[in-house]
Amino acid sequence: MFLAMLDGTVVGTALPTIVGDLGGLDQLSWVVTAYLLTTAAATPVWGKLGDLYGRKGVFMTSIAIFLAGSMLCGLAQDMGQLIGFRALQGLGAGGLMVGALSIIGVLVPPRESGRMQSMIGALMPVAFVGGPLLGGFLTDQLSWRWTFYVNVPVGVVALLIVAMAIRLDRTERSPARIDYLGALLLTAAILALTLLASWGGARYGWTSPQILGLAAVSAVALAWFVRVERRAAEPVIPPRLFRSRNFTVAQILSFLVGAVMVGATSYLPQYLQFVRGRSSTESGMLLLPLMFGMLVVQLATGWLISRNGRYRVYPILGGAVLTVGALLLLPLGTNTGTAVASALTVVAGAGIGLVLQSTMIITMNGAEPRDMGAASGTVTLLRTLGGSLGVALLGAVFTGRLHGELTDRLGAEAARRLASGGEQLTPQALHALAAPLRDAYRAAVTSGLHGVLAGAAALAAVGFVVAWFIREDPLRDGPDSG
């Protein structure tokens, strides 16, 4: 599970080196997007396969595919191969998280799973902050290829442990067929939404035929998907799951917190590097307060829920804390102290931790034992999809405000030249610019971050309102109790 989360961020600091070695600058973003896209699309399919054919065997298959994709990524000779192998790696990664969560959901009742879920949740902040640090270290000390090779020995050990140590009841298997049409429609909808969020306002205008076409494809695919799922004998995402109000609300919250979490961790380093002049490794270290805020709160929340069985207050409190945390970061300016900027992130981290932990427990409590794989796959899908769409949309806000600030300060022509060079402008190269250009760019990055934080605060506020619809239903005391 840690490797699956880590690989979403570990290549970030290695990308400039990868492009220098393989070329393909125009395809750079797809090294990350291909992985996230196939992970999101495959997650519910893996969950359903585990429900139908046995969770242990399906889990081990996903590990094997992930390791094969990792090795092939390290052997890639051009950008096209790397993107294709990253998609294969993401296909396997989609089964790692959902496989582990569904196995835990079967073995451990929700009332007793809080501590275990909090331990799992603790991996996420470590992966988000540790990924760029590890990627930079491996790239500098060995080669960018080791950001992929490092998965293999760890994954082989995990595969052996799962094979020898985990015992599941064989009667959990079902002879029903997988819903391939539903899986295909879900994949098409996710692909269209991802392309729309990535290209809208950047490569194409929001009213261009390309963007309107993608919107139509995603709408039709989603509508058709819902129709198919209602009629399928074994749907990929069973509609019966959404009969539970708590389950539905938890999925909305997962989507929103995924958008805020990935958006914040993607654009705060831009501020720390370009405005505060810190290196990529240092900017990762400066996000440690955010990571520890998530970590401590998730551990505490899991322990408290396991102790008293009450959970409704935590997503409500999480939405409020996350909103305040995003607003606290809005005053960041070009002269704000680095230590102050770093310390302020702890509040947002605490809010994210409160929502992440509670929504996972609410999700597992709202599903029957036969649907544990589908339920854990759905919550992971919504969180991943929220992160993908959130970072794309908040990125459009960031870019728009950056260009607007540069235009106001330098004029349209000078801003255009600086912004076009900004795609390849490193923090080190920024220091070589004339003082007026350097100051203007720093102010523009700060303005872009303010737009991202305002958007994150708005999403968190929506989450706060949505969380009030959760009901305090009793947690199950055993795997088969309802």
Side-chain angles (χ1 to χ4, degrees), residues 114 117-118 121 124-125 128 242 244-268 289-302 304-305 308-332 344-366 378-391 393-394 397 449-473 475:
Q117 295 285 2
S118 64
M124 186 170 293
F128 268 97
F242 293 91
S244 166
R245 186 170 81 178
N246 277 5
F247 181 90
T248 303
V249 173
Q251 306 322 298
I252 297 172
L253 291 174
S254 295
F255 179 89
L256 293 172
V257 78
V260 174
M261 178 174 60
V262 177
T265 54
S266 296
Y267 290 100
L268 278 171
L290 185 146
M291 180 192 77
F292 284 120
M294 293 172 64
L295 174 62
V296 172
V297 168
Q298 286 189 118
L299 291 172
T301 302
L304 289 170
I305 293 176
N308 58 36
R310 303 186 69 84
Y311 53 83
R312 182 174 183 265
V313 65
Y314 300 109
I316 296 173
L317 182 61
V321 172
L322 184 53
T323 303
V324 172
L327 294 175
L328 281 176
L329 292 169
L330 274 176
L332 292 179
L344 287 174
T345 63
V346 72
V347 180
I352 293 171
L354 282 164
V355 179
L356 283 178
Q357 179 67 358
S358 56
T359 53
M360 180 57 69
I361 293 176
I362 293 169
T363 294
M364 305 312 283
N365 189 58
T378 301
V379 70
T380 306
L381 166 68
L382 267 295
R383 187 182 301 154
T384 304
L385 186 58
S388 300
L389 297 179
V391 74
L393 293 174
L394 293 176
V397 173
L449 178 66
H450 289 167
V452 170
L453 293 172
L459 292 172
V462 172
F464 172 72
V465 174
V466 170
W468 284 94
F469 289 90
I470 291 176
R471 295 182 299 199
E472 192 78 74
D473 294 336
L475 290 176

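Because the structure is predicted, anything quoted here is derived from the model rather than measured.
The CD atom of Q251 sits 4.0 Å away from atom OG1 of T363, with the distance rounded to the nearest 0.5 Å. Atom CG of residue L253 and atom CG of residue L354 lie 12.0 Å apart, to the nearest 0.5 angstrom. Note that CG of L290 and CG of L344 are 11.0 Å apart. Values are rounded to the nearest 0.5 Å.
Between the R245 side chain and the F469 main chain, a donor and an acceptor come within less than 3.5 Å of each other. Using a distance-only test at 3.5 Å, with no hydrogens or angles considered, no donor-acceptor pair links the side chain of H450 to the main chain of L329. A donor-acceptor contact shorter than 3.5 Å links the side chain of T248 to the backbone of F242.
Side-chain contact between V260 and L322: present, with at least one pair of heavy atoms (C-beta onward) separated by less than 4.5 Å. Contact annotation: the side chain of V249 never approaches that of R471 to less than 4.5 Å [non-hydrogen atoms, C-beta and beyond].
The two residues P315 and I470 come nearest to each other via the heavy atoms CG-CD1, 3.5 Å. V347 and V321 get closest at one heavy-atom pair: O-CG1, 3.4 Å.
Of the residues V297, L304, V355, the one that meets the side chain to side chain contact (heavy atoms under 4.5 Å, CB included) test with Y314 is L304.
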ask   = Run the side-chain contact (heavy atoms from CB on, under 4.5 Å) check on I362 and F247 step by step: do they pass?
value = CA-CA 7 Å; I362 293 169; F247 181 90; over 6 Å; no
Side-chain polar contacts of residues 452-468 - donor-acceptor pairs under 3.5 angstrom, sequence neighbours left out - could you list them?
none

